[in-house]
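Read through the structure below, which is laid out as structure tokens, and then see the notes.
All figures in this text were calculated on a predicted structure; none of them were measured in a lab. Throughout, a chain's letter reflects where its sequence line sits, starting with A, and its residues are numbered from 1.
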There are 2 protein chains.
Amino acid sequence: MGVFSKTCEYAIRAVFFIAHKTASGGRVGIKEVAAGIDSPEPFLAKILQDLSRKGIVQSAKGPNGGFYLDADALKRPLTDIVEAVDGNALFTGCALGLKQCSEVKPCPLHGQFKIIRGEIHELLETTKIGKFNQELILGINALKK
Amino acid sequence: MGVFSKTCEYAIRAVFFIAHKTASGGRVGIKEVAAGIDSPEPFLAKILQDLSRKGIVQSAKGPNGGFYLDADALKRPLTDIVEAVDGNALFTGCALGLKQCSEVKPCPLHGQFKIIRGEIHELLETTKIGKFNQELILGINALKK
DNA sequence: CAAATAAAAGATAAAAAAGTCTTTTAATTT
DNA sequence: AAATTAAAAGACTTTTTTATCTTTTATTTG
């Protein structure tokens, strides 16, 4: 079990892919995105539909249509993707799954995991969607295999 | 989605419960454990069977039987439970689910998540199973609701 | 406006995780 | 030794997650 759900892993990779592919205008089709991040195409289609509805990616139908990101979207933090897909359990939930876990009646791991959850949130909040465009274009970073 | 699977959450809570309940000798039955950590009894039974097979908890059948932890088991780190139940994906896996993600061809989040994964591993490695016995006996820490 | 293109929507299907129930085995007590 | 107790084992069910397929809607271009 990773930190994110499979759906969320695909979502982040897809958004990174769309971001760097459409950095200089243009759109990219679902086929190319799926191939570019090595994901099942119909499943990714569902995920991108959802992200599109939520305004995290933009899309256009018809010839020359496809997915893209506007200037605002490029500046959004990764937390927006994660919250849209996985919710905020990763940032706010108890490590041991206790509904009532809090400062008043903490689970044994509460204090320590509060710090770690905070660090994950901080990392995803300060990392913007467009941050890796250059590295991806240059092939320094990978989004598949 | 939390950090651990539901199964692993139950496993850690159950082991903490057994640890503090049997700190001065004695055993505790599955019914009492399930009630004490607010988990479905038959499901927990499966989990404890597995942990018992793997030597993380001890068990005894028959009257006055039940689960307990020997001195060695109390000194084991939480990583032993997590690895037994969820494997080591949390400590070693790529945040974006890439099989080939590494220093050579890293995903965009590789460097940052390496640090966080390391901190989680460090925390679980230095925290021993018996660590919270006193807090649990005194009711400072909670394992249910 | 017709044809082609590409995403959106909806209905299913397969796999994995979570949870339940029944029978068996082992140990203890009388 | 028989009865009782409690975990182990195995088969099964439900729910959630992951994945697929088909039809519809919107847009563009000739």
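For the pair R27(A) and Y68(A), the cation-pi criterion (under 6.0 Å, within 45° of the ring axis) is fulfilled.
Remark: the backbone N or O of C8(B) is paired with a side-chain donor or acceptor of S5(B) at under 3.5 angstrom. With hydrogens and angles disregarded, no donor-acceptor distance shorter than 3.5 Å links the side chain of K105(B) to the backbone of Q100(B).
Contact between the side-chain N/O atoms of Y10(A) and the OP1/OP2 oxygens of dA19(D) is found at a separation under 4.0 Å. Taking side-chain N and O atoms only, T7(A) has a distance below 4.0 Å to OP1 or OP2 of dT18(D). Phosphate proximity of dA17(C) to S5(B): absent, as no side-chain N or O sits under 4.0 Å from OP1 or OP2. Between S52(B) and dA8(D) there is a side-chain N or O to OP1 or OP2 distance below 4.0 Å. Between S59(A) and dA8(C), a side-chain N or O to OP1/OP2 separation shorter than 4.0 Å is present. Close to dA9(C), at under 4.0 Å from its OP1 or OP2, lies a side-chain N or O of R53(A).
P42(B) comes within contact range of at least one nucleobase, with a heavy-atom separation under 4.0 Å. Looking at heavy-atom distances under 4.0 Å, A45(A) makes no contact with the nucleic acid at all. At the heavy-atom level, K31(A) lies nowhere under 4.0 Å from the strands shown. Residue contacts for I30(B): at a heavy-atom cut-off of 4.0 Å it reaches the sugar-phosphate backbone alone, with no base atom in range.
Closest contact between the side chain of P63(B) and the listed nucleotides dT25(C), dT29(C), dA8(C) involves dT29(C). Side-chain atoms of F43(B) lie closest to dG19(C) of the nucleotides dT27(D), dG19(C), dT29(C). Which of dG19(C), dA11(D), dA7(D) sits closest to the side chain of F67(B) comes down to dA7(D).
The neighbour count for K114(A) NZ, taken as heavy atoms of other residues, nucleotides or ligands under 6.0 Å away, does not exceed 12.
One atom, CG of L48(A), and another, C1' of dA6(C), lie 13 Å apart when rounded to the nearest Å. dA7(C) atom C1' lies 14 Å from atom CG of L51(A), rounded to whole Å. Between the CD atom of E32(A) and the C1' atom of dA7(C) there is a distance of 15 Å, given to the nearest Å. Going from atom NZ of K61(A) over to atom P of dT29(D) covers 17 Å, rounded to whole Å. In this structure, R27(A) atom CZ and dA6(C) atom C1' are separated by 11 Å, rounded to whole Å. Rounding to whole angstrom units, CD of residue E41(A) and P of dA8(C) are separated by 13 Å. Regarding Q58(B), its CD atom lies at a distance of 17 Å from the C1' atom of dA26(C), rounded to whole Å. Rounded to an integer number of Å, the gap from I47(A) CD1 to dT20(D) C1' is 13 Å.
Between the side chain of K46(A) and the base of dA9(C), a donor-acceptor pair under 3.5 Å is found. Residue-to-nucleotide contacts include no donor-acceptor pair under 3.5 Å from the side chain of K6(A) to the base of dT17(D).
Residue whose closest nucleotide on DNA chain C sits further toward the 5' end, between L44(B) and G62(B): L44(B). With the nearest nucleotide of DNA chain C identified for both Q49(A) and N64(A), N64(A) has the one nearer the 5' end.
Ion pairing between D50(A) and K46(A) fails under the 4.0 Å rule for side-chain N and carboxylate O.
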(request) Evaluate the criterion ring pair (Phe, Tyr, Trp, His ring centres under 6.0 Å) for residue pair H110(A) and F113(A); output intermediate values, then yes/no. (result) CA-CA 5 Å; H110(A) 180 79; F113(A) 263 91; 10.0 Å; no
